[in-house]
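Structure, as structure tokens:
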Number of protein chains: 4
Amino acid sequence: MSSISRRDPSHRPHTGRRRNEESRRAVLAATRDLVHTRPYREVTIEAIVAAARVGKRTVYQWWPSRAALLLDALVEDARVRVPLADPRAPFPERLQAFLTNTIAGIVGPEGSGPVLRALLAEAQSDPEARAAFRDGFIQHRRAALRQLLAEGQDAGVISARSDLDTLVDFTYGAIWYRLLTEHAPLDQSFARSIAAHLMLQGS
Amino acid sequence: MSSISRRDPSHRPHTGRRRNEESRRAVLAATRDLVHTRPYREVTIEAIVAAARVGKRTVYQWWPSRAALLLDALVEDARVRVPLADPRAPFPERLQAFLTNTIAGIVGPEGSGPVLRALLAEAQSDPEARAAFRDGFIQHRRAALRQLLAEGQDAGVISARSDLDTLVDFTYGAIWYRLLTEHAPLDQSFARSIAAHLMLQGS
Amino acid sequence: MSSISRRDPSHRPHTGRRRNEESRRAVLAATRDLVHTRPYREVTIEAIVAAARVGKRTVYQWWPSRAALLLDALVEDARVRVPLADPRAPFPERLQAFLTNTIAGIVGPEGSGPVLRALLAEAQSDPEARAAFRDGFIQHRRAALRQLLAEGQDAGVISARSDLDTLVDFTYGAIWYRLLTEHAPLDQSFARSIAAHLMLQGS
Amino acid sequence: MSSISRRDPSHRPHTGRRRNEESRRAVLAATRDLVHTRPYREVTIEAIVAAARVGKRTVYQWWPSRAALLLDALVEDARVRVPLADPRAPFPERLQAFLTNTIAGIVGPEGSGPVLRALLAEAQSDPEARAAFRDGFIQHRRAALRQLLAEGQDAGVISARSDLDTLVDFTYGAIWYRLLTEHAPLDQSFARSIAAHLMLQGS
DNA sequence: TATTAAACGAGACGGTACGTCCGGTCTTAAT
DNA sequence: ATTAAGACCGGACGTACCGTCTCGTTTAATA
């Protein structure tokens, strides 16, 4: 018969030419999977390559470092779960929803928590990774929250004397702090407490 | 005749050579030195051993992991520089001094910043290291700040409605956040901003 | 239609890079060189690896033990210097030449003596190494000498009542004995004496 | 007062505790036991020390090297089993008995075979050990056999044209050869074959 | 009898080599 | 041209053993 129809999914053919989208996805999926299921020290390039049934070459061709791979896996993920609340809702609800969604997107079985922790760890030993993480992820999230808090100031719910950058540092700092040290649970009750204290300002 | 002769085999208090204090110090000093002068990925056990002129065996005998070694180097350091302000000073000054000293102890040429970053990274790939770091360092620092903030509440400078744990998370979270991501400088101006916002509560 | 697509996983002839012949040779050369120039206790895998400018991995991938490496270096060597006498010469000359060549191949600046001693030593602490040495080297040499002595019996120069295996044991045993214990020199005079006594039998 | 009473250090006959005979015996027994029951690579000083319930110090104080320890264990053993036949028996029986006893003392559950192999191996990497082994053991055995063979020559049972040193090399060489390479059994049948061939001379 | 110094068990020390693992590069054959 | 497979060099890992060095105790000759 036609020899064209060989699309056995268990046997991913490599096409030559063009980047193989299937391989790309397999690598990212394997990375995410490993980061979620194994201690981070076991998430080696070799393990990823083996899990994705892909050559090392392919990984190194498209990602310069493990950090870049993790970052890619993260943003791929994050693109899906854009946590935005109804813009017509009153501010307190919108802030509450933002924090709730943010934390929900981190914890939980499919949350980005393990990837974030791995990235943060990786960033400590690699200045380039740190810069990429900061510019490719951290700053975007900061800008979004800052914008939201500015609306809170406009609405008079947040003290006009507050420095928004410091409030953003308080918020994300507290969340990261609990994620990284596990000194206390990172849960919705914490989201409510953060929101309350942000708005406590000048009450 | 002598009825003394205690031959209880379980009573053996010690036999053999004692731990060499000089070696212990050399290892910790080498660790601190390397963490300050080299990128963290070069702070290997082998490099520490070579710098301290010590056998690998000695390191592995007394510290179960690189994280434990880093933690030990940190607390040894921290024991020296106990940053405490004059307890008779009024609260705002004391809070300010606390934050100023804390940040000064992190940044700067002899600051603990590099060790802290290395420890935090290590803690992400090793649950035991995470627990040890949390219980051996994080919690102590939290307790100290919490105590100080409680005095601020008593003095009426911090809102009685504030949850102290959340304020501690804000404070240390923000500091860690800047240390780890470097999205903005971790300096004395930031210490002032944090202090101002903590006391802004309920004003 | 001949695109029958043999996807039999067992049929995979080869994938990936082939073994690097240059590395193989470098390792064997370094081994021989070290065995000749340093005391045997300094002939470590690490020294070989360093001298051959090769990764440890490469050595362990192709040779299961130091003994296997030594044996390989030996047979590689021996393949080059095949010491065979003129088959048309009369028997006494041929036996004399065999022993002379054998001993000359052992002693001397490029002789296999150091490798043989190292192998014999290694074989005492490792039964597998002993078996490999016996089957891969000892037996071949025994067979060659036995064949030669059989011709001596046919020619009536060696007693027909002699057991050839015992004579082979006498010959190689005496040579090894002098090589290993150094109680007396292993030289050409000894070769002559051995030949004389072998042929003395039943005279 | 009297300047006489100053102790010439060379005059000091003895002070302090004497050598502990029990420890000495325990070390030698542990060495023999380990050599017989474990592969030689596991016969480490640490294992001996642990088995003998003795301090490392004690071993290194009395034996300069593992080879010296093995040699001591061997001669201690050999002193017990002196293989000497009735001097009034006719020569062939006496030679046969010598070889039979020699081989019996090597093989068998309590034989010195394992110790001999370990010593020979050790001697290959240590010239001093080689010399000690040669002078402290090999030469004595050679002298004994040579004396016996000389009597054989006197009795006319061994060819007067034979060089006794070569015959000794044949005999001990063959035995060592089988012991070390295990290419054929080292048994009483081999003892008989050796004796027969030694006496075959000039028949 | 009291002193004193050697020898003891225990075991920590600085080192060195081990054999394994991973990172990142390079080669090969296949598509 | 790009892939999957996999061999390559380099180097850190954590373990084992070496031979040396304290420790505090035991033992016996001496004073």
Specify the separation, in whole Å, of atom [atom1] of [X] and atom [atom2] of [N].
X       : N      : atom1 : atom2 : value
C:Glu21 : F:dC8  : CD    : P     : 11 Å
C:Asn20 : F:dA5  : CG    : P     : 22 Å
B:Arg24 : E:dG14 : CZ    : P     : 14 Å
C:Leu69 : E:dG19 : CG    : P     : 11 Å
C:Arg19 : E:dT27 : CZ    : C1'   : 16 Å
B:Arg66 : F:dA12 : CZ    : P     : 11 Å
A:Arg41 : F:dG14 : CZ    : C1'   : 12 Å
A:Glu22 : F:dT2  : CD    : C1'   : 15 Å

State which residues pass side-chain contact (heavy atoms from CB on, under 4.5 Å) with [X]; sequence neighbours excluded, sorted by chain then number.
X       : value
B:Arg53 : none
B:Val54 : B:Ser23, B:Val27, B:Ala52, B:Thr58, B:Val59
B:Thr44 : B:Glu46, B:Ala47
D:Arg38 : D:Leu34, D:Glu42

Exercise. B:Thr31 pairs by side chain to side chain contact (heavy atoms under 4.5 Å, CB included) with which of B:Val115, B:Ile48, B:Asp72?
Worked result: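 Only one of B:Val115, B:Ile48, B:Asp72 forms a side chain to side chain contact (heavy atoms under 4.5 Å, CB included) with B:Thr31, namely B:Ile48.
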Problem set entry | Partner of C:Leu116 by side chain to side chain contact (heavy atoms under 4.5 Å, CB included), out of C:Leu74, C:Leu70, C:Val35 |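 In the set C:Leu74, C:Leu70, C:Val35, the residue that makes a side chain to side chain contact (heavy atoms under 4.5 Å, CB included) with C:Leu116 is C:Leu74.
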For this session: Determine yes or no for a side-chain-to-main-chain donor-acceptor pair under 3.5 angstrom, with C:Arg41 supplying the side chain and D:Asp126 the backbone.
Result: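 No: the side chain of C:Arg41 does not pair with the backbone of D:Asp126.
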Exercise. Between A:Ala121 and A:Tyr40, which heavy-atom pair has the shortest distance, and what is it?
Worked result: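 Heavy atoms only, the tightest pair is CB-CE2, 4.4 Å.
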Problem set entry | Interface with DNA chain F, restricted to residues 45-62 of chain D and to heavy atoms under 4.0 Å |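 When residues 45-62 of chain D is checked for heavy atoms under 4.0 Å from DNA chain F, the hits, listed by number, are D:Ile45, D:Glu46, D:Lys56, D:Arg57, D:Tyr60.
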For this session: Please confirm whether any donor atom in the side chain of B:Arg17 sits under 3.5 Å from an acceptor in the base of E:dC13, or the reverse.
Result: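 For B:Arg17, whose side chain was compared with the base of E:dC13, there is no donor-acceptor pair (under 3.5 Å).
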For this session: Flag this pair as yes if the NZ/CZ of C:Arg19 is under 6.0 angstrom from the six-membered ring centre of C:Trp63 and inside a 45 degree cone about the axis; otherwise no.
Result: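 The answer is yes, since C:Arg19 meets both limits relative to C:Trp63.
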For this session: Mind running a 4.0 Å heavy-atom check of residues 27-40 of chain B against DNA chain E and sending the residues that fall below it, in number order?
Result: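 Those residues whose heavy atoms fall under 4.0 Å from DNA chain E, taken from residues 27-40 of chain B, amount to none.
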Problem set entry | side-chain N/O C:Arg18 vs F:dA5 OP1/OP2, d < 4.0 Å |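 Negative; the distance criterion is not met.
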For this session: Ignoring backbone atoms, test whether B:Ser23 places a side-chain nitrogen or oxygen under 4.0 Å from the OP1 or OP2 oxygen of E:dG14.
Result: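 Yes.
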